[in-house]
Amino acid sequence: MGNKKRYYKAFIENNGLLNEIEVGRKVGLDENETMKIVSQLLQEHKIKYMEHKASNYSLTKKCKKRNKIR
């Protein structure tokens, strides 16, 4: 699923400056597709519901650590 990977990468780079819907629009997704991807990332424990700047979601600490190594 290429959309999920693109969204997740954009979400990491965004660092809470835009909300989750705007990040989706940035990568060319509509609101419904964005929310499906957000729910999948929540189930995979890659993100968690927590207000972070403009976004309602934040990366989990495990993901932040792993992505800094890359």
Side-chain angles (χ1 to χ4, degrees):
M1 179 177 221
N3 286 340
K4 186 168 77 171
K5 288 181 182 180
R6 283 191 347 215
Y7 179 85
Y8 186 59
K9 184 177 178 181
F11 186 84
I12 292 169
E13 291 171 357
N14 179 53
N15 195 26
L17 297 177
L18 299 172
N19 67 23
E20 57 280 356
I21 303 300
E22 293 299 321
V23 174
R25 286 186 185 142
K26 186 177 176 182
V27 295
L29 303 173
D30 65 0
E31 187 174 344
N32 292 331
E33 183 70 22
T34 299
M35 293 313 295
K36 287 178 187 177
I37 291 172
V38 167
S39 67
Q40 290 173 358
L41 292 173
L42 283 167
Q43 290 175 350
E44 295 171 4
H45 302 285
K46 291 185 175 183
I47 62 174
K48 59 184 174 182
Y49 181 80
M50 183 177 111
E51 290 186 17
H52 176 67
K53 300 179 185 176
S55 180
N56 290 326
Y57 299 92
S58 176
L59 293 172
T60 59
K61 290 184 180 184
K62 178 181 172 186
C63 291
K64 285 182 182 179
K65 191 177 206 179
R66 186 177 72 218
N67 289 324
K68 285 184 180 179
I69 294 171
R70 289 182 184 175

Check whether any side-chain heavy atom of L59 lies under 4.5 Å from a side-chain heavy atom of I12, and answer yes or no.
->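 Yes - at least one pair of side-chain heavy atoms lies under 4.5 Å apart.
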Would you kindly check if the NZ (Lys) or CZ (Arg) of K46 is within the cone defined by 45 degrees around the ring axis of Y8 and under 6.0 Å from the six-membered ring centre?
->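 Yes, K46 and Y8 form such a contact.
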I need the minimum non-hydrogen distance between [X] and [Y], along with the two atoms involved.
| X | Y | result |
| --- | --- | --- |
| Y57 | F11 | O-CZ, 3.6 Å |
| Y7 | T34 | CE1-CG2, 3.8 Å |
| L18 | S55 | O-CB, 3.6 Å |

Separation of E31 CD from E20 CD (nearest 0.5 Å) | 9.0 Å
In terms of hydrophobic clusters joined by side-chain contacts under 4.5 Å, are V23 and L42 together?
-> yes
Decide whether L41 and M35 are clustered together by the hydrophobic rule: side chain heavy atoms of Ile, Leu, Val, Met, Phe, Trp, Tyr closer than 4.5 Å, transitively.
-> yes
R25 side chain to D30 backbone, donor-acceptor under 3.5 Å =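 A pair under 3.5 Å: no.
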Does H45 offer a backbone N or O that forms a donor-acceptor pair with the side chain of T60 under 3.5 Å?
-> yes
Just wondering, more than 12 heavy atoms not from K53 lying within 6.0 Å of its NZ?
->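 For K53, atom NZ is crowded (more than 12 foreign heavy atoms under 6.0 Å).
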Less than 4.0 Å between a side-chain N and a carboxylate O, is that true for E44 and K4?
-> yes
Taking it one step at a time, do I37 and L29 satisfy side chain to side chain contact (heavy atoms under 4.5 Å, CB included)?
-> CA-CA 10 Å; I37 291 172; L29 303 173; 3.6 Å; yes
